[in-house]
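What follows is a single structure, written as structure tokens, with notes after it.
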Amino acid sequence: MVKRVLSSTALGRTGVSDWLVQRVSALIMLAYVVFMLGFYLGHSSIDFGTWHGLFASTWMRVFNVLLLLSVLGHAWIGIWTVLTDYVKCAYLRGTLQILIILGFLACLVWGIQIFWV
Amino acid sequence: MTNTHTIKFSVYRYDPEKDQEPYMQAMSLELPKGSDMMLLDALEYLKAQDQSLTFRRSCREGVCGSDGLNINGKNGLACMTHVSELKQPIVVRPLPGFPVIRDLVVDMTQFYRQYEAIQPYLINDNKTETKEFLQSPKDREELDGVYECILCACCSSSCPSFWWNPEKFIGPAGLLWAYRFIADTRDTATEQRLANLEDPYSLFRCRGIMNCVQVCPKGLNPTRAIGKIRSKLLQRAV
Amino acid sequence: MNISHYEFDAIVIGAGGAGMRTSLQLANAGLNVALVSKVFPTRSHTVCAQGGITVALGNMHEDDWRWHMYDTVKGSDYIGDQDCIEYLCQNAPDAVYELERMGLPFSRIDNGKIYQRPFGGQSRNFGGEQAARTAAAADRTGHALLHTLYQQNVKAKANFFTEWYALDLVKAADGSVVGALVMCIETGEIAYMHSRATILATGGAGRIYQSTTNAFINTGDGIGMAMRAGFPVQDMEMWQFHPTGVAGAGVLITEGVRGEGGYLINKDGERFMERYAPHAKDLASRDVVARAMAVEIREGRHGMANGVPCVYLKLDHLGEEVISQRLPGIREIAKTFAHVDPVNAPVPVVPTCHYMMGGIPTNKHGQALNRVNGQDKIIPGLYAVGECACVSVHGANRLGGNSLTDLIVFGRGVGIHVENELKQNHLHFQAADDASMAQGLQRLNRWNTHKDGEDFMQIRDELRAVMQNDFGVFRTGQYMAEGLKKLEVLHERLKHASMKDFSQVFNTTRVEALEMDNLMAVARATALSAVTRTESRGAHSREDYPKRDDANWIKHTLYVDDDKIGQIDYREVNMQPLTVPAFQPKERVY
């Protein structure tokens with residue numbers, strides 16, 4: 001009688017965790033945008049020094065990586081949902097998902113190189 | 001001066017025995033001036049003209065849920081829709097998202113299956129009670145706006161999430177019924193019911209676009225019920 | 001013709017309240033039961049019941065099932081069978097508690113118990129003050145009940161044959177019933193369902209009238225099937241006209257509105273029921289109120305709505321809160337079908353055909369009865385339950401709220417009886433008689449092949465006009481005799497009529513044509529029975545015989561179809577309840 005849907009999830013274990021990841025990552029992205037706006041508006045002129053100083057600080061590095069993870073996680077759940085809605089052929093969907101995962105991983109590695117190094 | 005006016009219809013027709021493909025048929029009715037009727041009455045008159053026109057109907061007062069149709073692009077019950085309030089030609093189509101059996105009759109198997117999937121019956125461990133289970137008027141109030149669902153499928157058939165994943169997403173009607181039992185203080189299977197809905201499809205495919213709320217002929221709010229279940233799932237998870 | 005074959009311990013035809021309560025009992029007993037319904041179960045007409053289910057729970061005041069029994073006997077105008085009414089009222093509390101435990105969302109009172117409201121014809125202490133005995137889920141009790149029973153059947157894994165239409169009963173050579181011929185509406189597949197017990201639960205036939213509260217599907221299919229199988233039907237002259245159908249639309253407004261304090265007014269604003277029933281006023285029995293309304297309308301004290309003369313149901317004085325809480329569905333119906341918000345303005349209403357008290361005669365176990373040489377004879381294998389049965393607990397007039405009670409008490413009772421009979425091996429699979437099978441197939445075949453006859457829909461319209469005009473709230477011998485003649489002409493015409501859609505796929509026209517045979521059968525039985533009963537009793541009100549005639553007419557009318565005008569026979573009324581003294585007939589005043 002009861003049919004539990006046991007298909008793969010996007011990131012977490014359940015729909016609940018996916019839903020939570022979407023909301024938390026959205027909050028992080030929002031906080032980043034607000035912070036950046038505040039940074040721009042709080043400095044009448046921004047030169048390379050200020051900019052470099054900001055990005056060299058440890059907490060900003062952490063914030064940047066968090067942003068990166070949030071963007072990728074958020075986008076992945078969204079894209080996974082769209083793919084499972086519209087791409088009904090499992091092979092095609094699987095292929096697309098692998099390509100996107102690879103792309104996202106590349107972004108992640110490259111992003112960390114930029115932000116952390 | 002004529003004492004009648006003409007009502008024009010464009011009706012979806014498909015008989016798999018005769019037609020290669022569905023088509024829209026122009027039909028019309030002559031009515032006395034100033035008169036009004038429900039769309040279902042009009043369909044009955046049209047059927048008297050052309051007996052091959054096929055649709056479901058039963059109570060004709062908006063309680064049985066047989067005659068859910070897509071009327072001028074919006075889902076609703078034919079028996080509760082006044083012809084005078086509709087722009088002409090009145091375009092009548094079967095409920096979207098379901099396989100068409102014939103004309104305005106759709107195959108609702110998937111819809112019923114999703115309803116059955118939520119265990120749509122009270123579960124209570126107390127097998128020894130011989131009278132009624134007690135429930136306060138306040139607890140009972142939680143069921144108002146939920147138990148009145150007539151299973152007409154107007155909501156689920158207007159929901160894109162249900163169109164794309166009818167096998168995995170319960171759909172607004174089924175989820176409304178799920179909440180009806182979760183919210184019932186007499187039900188003792190809340191944990192089991194929530195566990196059955198925590199996967200990424202059954203409930204979480206709801207994107208909150210509220211098409212279901214807009215079309216429900218009984219004025220119910222499946223989106224709110226879904227939100228309440230989601231809150232309970234979150235409380236349970238964190 | 002290719003006929004598929006199914007075999008079940010029991011088949012239940014009709015998935016309304018009675019049918020689903022029966023099938024639930026059988027499915028829970030582990031029997032192999034099929035539930036055949038021409039509509040998806042929750043589309044059955046039980047869903048339209050509003051006000052509630054009458055049962056002596058005693059939640060609002062001290063109550064006793066014997067008081068309920070007294071009211072029901074009196075309401076029946078003394079031709080209800082008292083052993084069956086006793087069974088009904090005595091078993092109702094358990095049956096309703098069971099429903100509650102199945103999850104029916106009853107309205108509640110502060111101590112958490114089920115809410116009960118006053119309804120017409122209810123008294124405490126054998127005719128004392130007004131009782132509040134009708135258990136309610138707002139004004140959607142039928143909906144709540146039907147969905148609950150469907151849910152329980154889903155849980156019990158009953159075999160649903162949804163959108164299958166029952167054509168005819170199949171008999172064995174010895175006359176017992178061995179199953180039914182059924183048709184899948186979607187595919188046109190014909191099947192013989194072979195069973196040890198066949199239970200008719202096909203509901204009413206209000207569609208023989210032009211103006212009715214009944215759903216399109218209430219076409220008396222079980223009555224027609226029984227009559228074609230040669231079995232009698234009982235008290236078919238007894239049709240209840242509900243006082244408050246929305247003028248013009250026919251949609252029902254529950255008696256619960258008057259139970260909550262609403263009342264009827266004529267065009268002068270007069271609360272006229274005070275003149276007709278000084279004690280009970282608007283909560284007199286339905287036949288009394290409907291007649292009073294008809295008199296008001298006839299004597300010109302009426303308004304007009306949708307081109308129909310009407311009186312008005314006033315409830316604005318109850319206030320928006322009571323209306324929204326206790327009568328939300330009524331408000332919705334009034335707005336949609338009468339263009340009136342009852343919070344501000346009275347609702348235009350007329351007496352409207354509502355309920356068939358007659359039906360297939362049964363004993364209190366639901367076993368269908370034949371009449372042979374002046375004696376009741378049980379028809380082996382056949383049961384009837386719900387509105388299509390005449391147990392008879394409603395006699396000449398049903399009390400409001402007693403129909404749902406009837407459905408679940410006897411639905412459960414039939415289930416228990418069939419279960420026991422099957423377990424004790426009293427009911428067997430028997431071979432079908434070829435002639436019986438052929439008869440059913442022949443009727444279908446005629447509709448399927450006859451092409452150029454008169455349109456049956458035309459005949460249907462005329463039949464409804466005859467019933468409306470000549471067999472309504474007030475009846476006279478002369479008009480009824482003319483009506484009967486007209487029906488015989490229509491009956492002849494129907495034999496040569498045809499439909500215009502011959503598709504095999506979801507052919508609803510064919511279903512309507514087959515239903516037409518049943519409507520005709522019910523109408524003819526009603527007409528001859530009504531002409532025959534030369535008195536006024538309950539809902540059967542004759543202007544040429546205005547008095548009740550207890551000396552000659554405390555008996556049931558039986559009608560057997562014979563392709564001519566039909567034959568009338570009689571059955572005694574049971575006056576022997578088991579645990580209480582019988583209630584003797586007395587003048588019926590409210």
Side-chain angles (χ1 to χ4, degrees), chain B residues 15-18 35 38 44 47-48 50-66 80 82 101-103 105 107-108 112 115-116 119-124 126 129-140 143-144 147-151 180-181 184 186-187 218-219, chain C residues 39-40 42-45 47-48 57 93-94 96-97 100-115 137-138 140 142-144 147-148 150-152 154-155 186 213 215-217 249-252 328-329 332-333 336-337 455 457 499-501 503-509 512:
Chain B
D15 179 350
E17 282 193 341
K18 290 202 211 89
S35 68
M38 295 297 181
E44 286 286 325
K47 185 171 177 67
D50 176 354
Q51 291 187 3
S52 67
L53 177 62
T54 302
F55 50 91
R56 289 189 178 104
R57 84 281 183 273
S58 173
C59 79
R60 62 86 168 82
E61 57 187 63
V63 189
C64 78
S66 297
M80 290 180 79
H82 291 277
I101 296 173
R102 179 178 175 185
D103 292 351
V105 175
D107 180 352
M108 292 166 72
Y112 296 135
Y115 167 74
E116 286 169 19
Q119 294 183 295
Y121 38 81
L122 192 82
I123 299 174
N124 188 299
N126 181 345
E129 178 62 61
T130 56
K131 292 194 162 187
E132 73 261 65
F133 297 136
L134 299 180
Q135 184 174 48
S136 73
K138 197 168 163 293
D139 286 341
R140 168 61 181 74
L143 306 183
D144 284 336
Y147 81 98
E148 298 95 325
C149 171
I150 58 175
L151 293 174
R180 179 249 171 277
F181 291 100
D184 196 325
R186 299 171 295 170
D187 192 275
K218 305 306 285 182
Chain C
V39 292
F40 180 77
T42 65
R43 327 270 186 230
S44 303
H45 187 56
V47 82
C48 295
L57 300 177
D94 275 348
V96 169
Y97 286 137
E100 194 282 334
R101 296 197 300 273
M102 290 175 196
L104 199 155
F106 280 111
S107 299
R108 302 286 166 159
I109 52 179
D110 286 338
N111 63 11
K113 291 186 177 179
I114 296 169
Y115 167 71
R140 303 188 172 99
H143 169 279
H147 278 259
T148 302
Y150 175 63
Q151 292 157 3
Q152 291 296 316
V154 167
K155 186 181 179 189
E186 185 179 334
T213 63
F216 278 102
I217 57 172
V251 175
L252 174 71
E332 183 187 320
I333 284 174
T336 310
F337 293 97
D455 182 358
M457 288 188 180
M499 57 181 188
K500 290 182 187 144
D501 179 17
S503 170
Q504 284 295 333
V505 182
F506 220 96
N507 188 337
T508 55
T509 303
E512 287 183 47

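Since the structure is predicted, the reported quantities are computational estimates derived from the model, not experimental observations. Just so it is clear: chains get the letters A, B, ... in the order the sequence lines come, proteins before strands, and each one is counted from 1.
Considering only heavy atoms from C-beta on, C:P105 comes within 4.5 Å of B:R180 through its side chain. Taking 4.5 Å as the limit, some side-chain heavy atom of B:M38 sits within range of a side-chain heavy atom of C:T336. Looking only at side-chain heavy atoms (C-beta outward), B:Q135 and C:F106 stay at 4.5 Å or farther from each other. Side-chain contact between C:E512 and B:Q51 is absent, with no heavy atoms from C-beta onward closer than 4.5 Å. A heavy-atom distance below 4.5 Å is not found between the side chains of C:M102 and B:Y121. Between C:E332 and B:M80, the closest side-chain pair of non-hydrogen atoms falls below 4.5 Å. Taking 4.5 Å as the limit, some side-chain heavy atom of C:Q151 sits within range of a side-chain heavy atom of B:Y115. By the 4.5 Å heavy-atom criterion applied to side chains, B:L134 and C:N111 are not counted as neighbours.
Taking C:V251, C:N507, C:D455, C:I333 one by one and counting their heavy-atom pairs under 4.5 Å with chain B, the maximum is reached by C:V251. Most heavy-atom pairs under 4.5 Å with chain C: of the set B:C59, B:G65, B:P137, B:P16, this distinction falls to B:P137. Put simply, of B:R57, B:R60, B:E44, the one with the most heavy-atom pairs under 4.5 Å next to chain C is B:R60. For the set C:D110, C:V96, C:T148, the entry with the most heavy-atom pairs within less than 4.5 Å of chain B is C:D110. Note on C:D94, C:L104, C:V39: by heavy-atom pairs under 4.5 Å with chain B, the leading option is C:L104. Residue with the most contacts toward chain B among C:G112, C:A215, C:A138: C:G112 (heavy-atom pairs, distance under 4.5 Å). Between chain C and the residues B:D144, B:T130, B:D187, the most heavy-atom pairs under 4.5 angstrom are made by B:T130. With chain B as partner, the option from C:V505, C:I217, C:T213 having the largest number of non-hydrogen pairs under 4.5 angstrom is C:V505. Per-residue heavy-atom pair counts under 4.5 Å with chain C were compared for B:I123, B:L143, B:V105, B:L53, and the maximum is reached by B:V105. With respect to chain C, the highest number of heavy-atom pairs below 4.5 Å among B:N124, B:I150, B:D184 belongs to B:I150.
For the side chain to side chain contact (heavy atoms under 4.5 Å, CB included) test with B:V63, the passing option among C:T42, C:V47, C:L252 is C:V47; the others fail.
A pairwise comparison of heavy atoms in B:T54 and C:F506 identifies CG2-O, 3.3 Å as the closest pair. The two atoms that bring B:S66 and C:R43 nearest to each other are OG-CD, 3.3 Å, heavy atoms only. When every heavy atom of B:F55 is checked against every heavy atom of C:T508, the shortest pair comes out as O-CG2, 4.0 Å. Closest heavy-atom contact between C:G103 and B:R186: O-NH2, 2.8 Å. Counting all heavy atoms, side chain and backbone alike, B:L122 lies closest to C:K155 at O-NZ, 4.1 Å.
Ion pairing between C:R101 and B:E129 fails under the 4.0 Å rule for side-chain N and carboxylate O.
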Exercise. Take C:T509 and B:K47, measure what side-chain contact (heavy atoms from CB on, under 4.5 Å) needs, and give me the verdict at the end.
Key: CA-CA 9 Å; C:T509 303; B:K47 185 171 177 67; 2.7 Å; yes

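Between the side chain of C:E100 and the backbone N or O of B:F133 there is at least one donor-acceptor pair closer than 3.5 Å. Between the B:E116 side chain and the C:V154 main chain, no donor and acceptor come within less than 3.5 Å of each other. Side-chain N or O atoms of B:E132 include one that pairs as donor or acceptor with a backbone N or O of C:I114 at under 3.5 Å.
Residue C:L57: no heavy atom, backbone or side chain, is found under 4.5 Å from chain B. In this structure, the portion of B:R102 lying under 4.5 Å from any heavy atom of chain C is its side chain and not its backbone.
Using cut-offs of 30° and 60° on the angle between ring planes, the pair B:Y147 and C:H143 is perpendicular.
Here the NE2 atom belonging to C:H147 is positioned 5.0 Å from the CG atom belonging to B:L151, to the nearest 0.5 angstrom.
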